[in-house]
Amino acid sequence: MISVEPLFIEGKPFTAVTVKLPKTNFMSISNDKGYIMCGALDVQLLNDKLKERKIIAGRAVGVRTIEQLLEAPLESVTLEAEELGIQAGMIGKDALLKMF
């Protein structure tokens, strides 16, 4: 099952996507500038092989719901995210707010 829902953080709009897969869930929360995702995100790939795309993204591990993704500390972030002040250890919703 795939769920796509609007999500507002301090009045700012985002899109929350959940894909239920066997034994796991794939989740992301995004806006037109960047996104945070579950552990499936390969930050190293984005920083190395896709560097020219300047992707703003962060990865949280061990999350199973959108709510957990919002509250979890980011395990890693892209170089472009760091330029916005988004750091590893920052919780998901704070990182998303920096994407405005």
Give me the atom names and distance for the closest heavy-atom approach of [X] to [Y].
{"X": "Ala60", "Y": "Leu69", "answer": "CB-CD1, 3.8 Å"}
{"X": "Ala72", "Y": "Val63", "answer": "CB-CG1, 3.5 Å"}
{"X": "Gln87", "Y": "Glu82", "answer": "NE2-O, 4.0 Å"}
{"X": "Pro73", "Y": "Gly89", "answer": "CB-O, 3.5 Å"}
{"X": "Leu7", "Y": "Ile29", "answer": "CD2-CG2, 3.7 Å"}

Output the distance between atom [atom1] ([X]) and atom [atom2] ([Y]), rounded to the nearest 0.5 Å.
{"X": "Ile86", "Y": "Asp94", "atom1": "CD1", "atom2": "CG", "value": "10.0 Å"}
{"X": "Lys98", "Y": "Glu83", "atom1": "NZ", "atom2": "CD", "value": "13.5 Å"}
{"X": "Glu80", "Y": "Ile56", "atom1": "CD", "atom2": "CD1", "value": "6.0 Å"}
{"X": "Glu67", "Y": "Lys93", "atom1": "CD", "atom2": "NZ", "value": "11.5 Å"}

Is it the case that one hydrophobic cluster holds both [X] and [Y], taking links as side-chain heavy atoms less than 4.5 Å apart, direct or via other members?
{"X": "Leu84", "Y": "Ile91", "answer": "no"}
{"X": "Met99", "Y": "Val17", "answer": "no"}
{"X": "Leu97", "Y": "Met90", "answer": "yes"}

**Request:** For Phe100, enumerate each residue passing the ring pair (Phe, Tyr, Trp, His ring centres under 6.0 Å) test, keeping only those at least two apart in sequence or located in another chain.
**Result:**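 For Phe100, the residues satisfying ring pair (Phe, Tyr, Trp, His ring centres under 6.0 Å) (neighbours in sequence not counted) are Phe14.
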**Request:** May I ask you to test the Val19-Met1 pair for a side-chain heavy-atom distance under 4.5 Å?
**Result:**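 No, every pair of side-chain atoms sits at 4.5 Å or beyond.
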**Request:** Evaluate the side-chain proximity of Leu70 to Thr65: yes if any heavy-atom separation is below 4.5 Å, no if none is.
**Result:**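 The answer is no; the side chains never approach within 4.5 Å.
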Pairs under 3.5 angstrom only: tabulate donor-acceptor contacts from the side chains of residues 35-54 to other protein residues two or more places apart or in another chain.
unit_1: Asp42; atom_1: OD1; unit_2: Gln44; atom_2: N; d: 3.3
unit_1: Asp42; atom_1: OD1; unit_2: Leu45; atom_2: N; d: 3.0
unit_1: Gln44; atom_1: NE2; unit_2: Asp48; atom_2: OD1; d: 3.2
unit_1: Gln44; atom_1: NE2; unit_2: Asp48; atom_2: OD2; d: 2.7
unit_1: Asn47; atom_1: OD1; unit_2: Leu79; atom_2: N; d: 2.9

**Message:** Is it the case that over 12 heavy atoms from other parts of the model lie below 6.0 angstrom from the CG atom of Leu21?
**Reply:**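 Yes, enclosed.
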**Prompt:** Taking only residues at least two apart or on different chains, which pairs with a member in residues 5-31 satisfy side-chain hydrogen bond (donor to acceptor under 3.5 Å, both in side chains)?
**Reply:**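 Matches after skipping sequence neighbours: Ser3-Glu5.
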